[in-house]
Amino acid sequence: MILQHITALNAKRIVLASGSPRRKELLRNLGLKFEVVVSSFEETLPHHWFENAADYAVETARQKALDVAKVCAAQKGKPPVDLIISADTIVEHGGYILEKPDNEAHARKMLESLSGSSHHVHTGVALLLPQAPVPDGEEGPFCRTFSATTNVLFHELPTEMIDAYIQTGEPFGKAGSYGIQGAASSFVTGINGCYFNVVGFPLHAFSHHITQLVKEGLLPLPAAKPIQ
């Protein structure tokens, strides 16, 4: 879906508004080239402002992208940015949004709540195009947003297992206090939806929306050279 555009995309200036090593790895696995500018936006939007958890993740991603757009616009001696990619991943369980743990006690409380039950992982994504035209009546810059949701089921987690996992240090810096790609993979009895969304970035949905932006002419790419 996106692979036929990778060479042309790599001629663009693309910025990832995230320091997440997982997102960097996933995007590089596609062959995409980009630079990293970490957003300073504080992820503290009031949860009650939003109708659902996915909307919260989307707005957080959008705000992070807008923050990085301002940083890039102020840079001197660099070409203009063509695309800013931003994302925010959260866990939702029992109607509550679980973000990154503050400390060991917070991580333990989250993991105990997830034990033996299913939860939703939402990733909001913002694709900001500083060079794209802005529709009449809307404020710029142009930003395409979307979200992806995956349902994850955990086995019962005994106290000693939770304690051992916390001691690895892996829960910290991760929504819901776990990383599915690490030791917590042993907790998971099943998922429904995109695995990479749980890791931190929904690659298929991203590829679809990038392709749509290209088709709509909002992310213009040079024509591919014919094979000789």
Side-chain angles (χ1 to χ4, degrees), residues 1-41 54 57-89 122-150 193-228:
M1 188 180 296
I2 194 177
L3 295 183
Q4 67 270 32
H5 300 304
I6 289 295
T7 300
L9 283 168
N10 285 342
K12 298 283 189 179
R13 186 181 176 200
I14 299 175
V15 172
L16 174 63
S18 172
S20 165
R22 297 165 294 282
R23 292 191 183 117
K24 287 187 282 187
E25 180 182 14
L26 290 174
L27 288 170
R28 284 173 178 153
N29 285 345
L30 289 177
L32 197 65
K33 295 180 181 178
F34 53 88
E35 58 191 271
V36 173
V37 178
V38 179
S39 171
S40 60
F41 176 73
V58 165
E59 182 58 20
T60 300
R62 191 178 77 89
Q63 291 297 331
K64 286 157 68 171
L66 289 170
D67 177 68
V68 167
K70 292 177 183 177
V71 173
C72 292
Q75 292 175 334
K76 297 180 180 180
K78 286 192 173 185
V81 173
D82 298 293
L83 170 65
I84 296 174
I85 303 167
S86 177
D88 184 59
T89 300
H122 307 285
T123 299
V125 179
L127 305 175
L128 191 147
L129 306 174
Q131 311 307 317
V134 180
D136 292 339
E138 295 187 14
E139 293 185 5
F142 179 90
C143 189
R144 176 71 49 85
T145 61
F146 64 92
S147 65
T149 298
T150 304
C194 175
Y195 166 81
F196 298 106
N197 182 53
V198 186
V199 176
F201 199 77
L203 289 176
H204 176 76
F206 166 75
S207 299
H208 168 76
H209 284 280
I210 288 291
T211 301
Q212 285 301 115
L213 291 170
V214 172
K215 288 181 178 179
E216 294 168 23
L218 294 167
L219 183 58
L221 300 178
K225 295 181 180 180
I227 299 175
Q228 301 294 327

Checking [X] side chain against [Y] main chain: does a donor-acceptor pair fall under 3.5 Å?
{"X": "Thr123", "Y": "Ala148", "answer": "no"}
{"X": "Asp82", "Y": "Arg13", "answer": "yes"}
{"X": "Lys12", "Y": "Pro220", "answer": "yes"}
{"X": "Asp67", "Y": "Ala17", "answer": "no"}
{"X": "Ser18", "Y": "Ser86", "answer": "no"}

Arg28 bridged to Glu25 by N-O distance under 4.0 Å: no

State, to 0.1 Å, how close [X] and [Y] come at their nearest heavy-atom pair, and which atoms those are.
{"X": "Pro130", "Y": "Leu83", "value": "CD-N, 4.3 Å"}
{"X": "Phe142", "Y": "Ala132", "value": "CB-CB, 4.0 Å"}
{"X": "Cys143", "Y": "Ala126", "value": "SG-CB, 3.8 Å"}
{"X": "Val58", "Y": "Ser147", "value": "CG2-CB, 3.7 Å"}
{"X": "Thr89", "Y": "Gly200", "value": "OG1-O, 3.3 Å"}
{"X": "Lys64", "Y": "Ala87", "value": "NZ-O, 2.7 Å"}

Whether over 12 other heavy atoms sit under 6.0 Å from Phe41 CZ: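 Buried by this count: over 12 neighbours within 6.0 Å.
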
Approximate separation, where rounding is to 0.5 Å, of [X] [atom1] and [Y] [atom2]:
{"X": "Phe146", "Y": "Leu127", "atom1": "CZ", "atom2": "CG", "answer": "5.5 Å"}
{"X": "Ile85", "Y": "Leu27", "atom1": "CD1", "atom2": "CG", "answer": "5.5 Å"}
{"X": "Ile6", "Y": "Leu32", "atom1": "CD1", "atom2": "CG", "answer": "5.0 Å"}
{"X": "Asp88", "Y": "His122", "atom1": "CG", "atom2": "NE2", "answer": "11.5 Å"}
{"X": "Ser39", "Y": "Ile84", "atom1": "OG", "atom2": "CD1", "answer": "10.0 Å"}

Residues Arg62 and Thr145: side-chain donor-acceptor under 3.5 angstrom: no

Flag side-chain contact, heavy atom, 4.5 Å: Leu16 against Phe201: no

pair Ile2-Leu9: side-chain heavy atoms closer than 4.5 Å: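 Touching, per the 4.5 Å side-chain cut-off.
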
For residues 204-212, tabulate all N or O donor-acceptor pairs below 3.5 Å that involve a side-chain atom, not counting sequence neighbours.
from, atom 1, to, atom 2, distance (Å)
Ser207, OG, Leu203, O, 2.9
Thr211, OG1, Met1, O, 3.0
Thr211, OG1, Ser207, O, 2.8

Leu218, Leu128, Val125 screened by side chain to side chain contact (heavy atoms under 4.5 Å, CB included) with Arg144, the one that passes: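 Running side chain to side chain contact (heavy atoms under 4.5 Å, CB included) over Leu218, Leu128, Val125 with Arg144 returns exactly one hit, Leu218.
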
